[in-house]
Amino acid sequence: MNRSLIIAILLCTPFFNFAQEDDQKKDYGRLSGGLESLMQYYVDDPKTGDFLEEDNFRSNNYLRLNYDYKNFFAHVQVESYEPNAILNFYPKYVETDIGTFALGYRSKMFEVTLGHFYEQFGSGLILRSWEDRQLGINNSIRGANVKFRPADAIEFTALYGRQRDGFEVSDGSIYGFNMEADVASMLKFESTGLDFGFSYVGRDEDLDIDHPDFDSLTDAFSFRLGLTEGNFYSSLEYIIKRDDLYVELDNFIENRYFDGNAFLFNFGYAKSGLGIDATFRRMENMAFFSQRDQSANVFNQNFINFIPGLTKQHDYGVTNIYVYQAQPRLTFNPLFKSGEIGGQIDIFYNIKKGSLLGGKYGTKLAFNYANWSGLSGGNDQVSRTYEDPSIFGFGERYFEEMSLDIKKKWTPKWSSIFSVVNTYYNASFVEDRRGEINATALVGEVTRKLGKGRSARVEVSHLFSDDELSERAKNWAGGTLEYNFNSRISVFANDLWNYGNPDEDRQVHYYTVGGSFTKGATRIMGTYGRQRGGLVCVGGVCRFVPENTGFSLSVSTSF
C-alpha cells in the first residue's frame, strides 16, 4: 500500500459520482466518504525547547470511502503517517496502509459485518470499540459482528475478532454477546419506560506461562436496567470481571490473579427550565485489555472497555490545566491503587425571562460538582496482595471540583458567560508525581454580534494555584480574541501565560494565532504557536502532548 494508491482513489472518486448522476434510472449504489489531514511543522523555540525528534514536518491523513448498494455496504479507510505521525502518537502508526475495511449486509431483521467494525455494549464499561483521531485512538475489532432483531423491542449481537493495534491486530481474541430488550414495549406500558440489557465479553490470550492457575480466557458479564417515569429517568449497570493475571510495568506477575467489578448508577430529572443529572461509579480492577502487556502503555491502545473521567468537560485553557483521568487499574507500584469511587452531579436552571434575576432575556445557570477517591483497604506491596475494600468505602481523595457557569444575554447583540471553577487535585495518585494542589479559575467571556454574520468574542481568565512542584507551578493568566467575518471565515489569537511560576525561565506565553475557512463540508484551519505540555482530553479520555512550537494545518472534507 503506498501513496500512489491514495492518489488513484482520489482521482477516481469524481468519476464514481459522475456515473451516479449520469444515469438516475439505474441504481449503481452510492459512494460517500471523507478526507482529513493534519499537518504540523515543528520549530526550535528558546522557551519550549529545540525540536530533537526526526522529521520536523509530520502529518496524519485519513481517507475513508463508503459504498452502499441496496442492503449491502462496504468501507475502507486508508491512513498515512508520512514521514511520521504527529508528536506522541502510538509508535505503530507509521507509513501508509489500509487501516480498516469491511463488507456487510443490513436489513430490518439482520445485520452482518465482516472486517473491521465498531461496537458498544451498554455504557461501554464492558466493551466499546471506537475512533477518535485527535486522541490517536482506533480500537476497532477485525472479525465478524452479527445482529439479529426478531422484533422491534429486542436485539441480539454476537461478535468475534481481534482488536486493531496500529496496522496489525492484538494477540488476544475477543468474544462478545449482547442482548437489549425494551420491556416496556413488550408489556405495552403507556407512560413508563423499562429496558433490560445483558452482555458477555471474553478475552482469550494464551501466554507462555506454565502454571496450573493460569487461564488464557478472562470473562466479564454486564447486567443493566433502565427506568423512566414522567420527568424522571435512571439506569443501573453492574459488571463482574473474573480473575485476570496481574501485570506490572509490562511484567507478568505469575500466580497473582485478581477479579474486578464495576457499578454505575445514573439518575436524573428534566422539565422545562430545570435539569438534574447525577452519576455514581465504583470500579475495582476494571482495566481490561485485549493484550495484557499493553496495560502500562500511555497511548490508550488495546482497551476493550471505555472508562472516561466523569467530570465536567471545560472549554477554556486555565480550566484544563488540572484534569482528572479515571483510575480503573490495580497497581502496587509506585503507589497502591485498586480503583476509584465517586461521582458527579449537574444542575441546569433557567431563570425566567422578565424576573428580577432573569431580566429581559433570562439567565442560564449550570452547576457541577465532582468527587473521586480511591477505594478503601490496605495492601502488602511485597506479596502483591490487598484487602477486599468495602463496597462504599472511600479511601485516598483523588479529585474534587465545583464549578458554576452563568450565561446571560443582555441585548440582541450582547451576551456573556462567567465561570468559576474550584479544584482539588492529588497529583501523587492521578499523575504519579508529588503534590496536592488547590486551584481556582475565573473566566469571563463577552460576545458581540455585528450583523451580516459578523461577530467578535473576547475571553479573559485567571488561575490561582498553590502548585509548587511542576512546570505548571503557581498562577496563570489567559485570554482569547476571536473575530468571525461571516459563517465561513474566522480568525483568532489566544495566550496562556504561566506568569506566577517561580522559575523565570518557565514563565512562558503559550500563544496561538490562526484562522479557519469553511465552505459546505470542507474546512481548512491553520495556526502557529506554542503547545503547553500536558493532557489533551476529549470526552473524558486524555492523551499526553509534550511542549512544542510550530505551524499546523488541518483540512477536512466529505462527499
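Scope of the values below: all heavy atoms of this structure, side chains included, with no hydrogens, waters or symmetry mates.
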Open item on the list: Please check: side-chain N/O of Glu79 versus main-chain N/O of Gln77, any donor-acceptor pairing under 3.5 Å?
Closed with: no

Open item on the list: Please evaluate residues Ser490 and Ser516 with respect to the criterion side-chain hydrogen bond (donor to acceptor under 3.5 Å, both in side chains), reporting the C-alpha separation (whole Å), side-chain torsions for both, the decisive distance (0.1 Å), and the verdict.
Closed with: CA-CA 5 Å; Ser490 67; Ser516 65; 3.0 Å; yes

Open item on the list: Run the side-chain hydrogen bond (donor to acceptor under 3.5 Å, both in side chains) test on Gln291 and Asp293 for me, step by step, so that the C-alpha distance in whole Å, both residues' side-chain angles and the decisive distance to 0.1 Å come before the verdict.
Closed with: CA-CA 6 Å; Gln291 190 167 310; Asp293 64 3; 3.1 Å; yes

Below 4.0 angstrom, N of the basic side chain to O of the carboxylate: do [X] and [Y] qualify?
| X | Y | result |
| --- | --- | --- |
| Glu131 | Arg164 | no |
| Asp244 | Arg292 | yes |
| Arg133 | Glu36 | yes |
| Lys474 | Asp467 | no |
| Glu119 | Arg128 | no |

- [ ] Tell me, yes or no, whether the heavy-atom count around Lys47 atom NZ, taken from other residues, nucleotides or ligands under 6.0 Å, exceeds 12.
- [x] yes

Open item on the list: Taking side chain to side chain donor-acceptor pair (under 3.5 Å) as the criterion, tell me which of Glu400, Glu340, Glu401 meets it with Tyr324.
Closed with: Glu340

TODO: Kindly indicate whether a cation-pi arrangement holds for Lys408 with Trp410, taking the cut-offs as under 6.0 Å to the six-membered ring centre and within 45° of the axis.
DONE: yes

Task: Tyr424 six-ring face occupied by Arg397 cation (under 6.0 Å, within 45°) - done: yes

- [ ] Answer with yes or no whether the side chains of Asp495 and His509 bring together a donor and an acceptor at under 3.5 Å.
- [x] yes

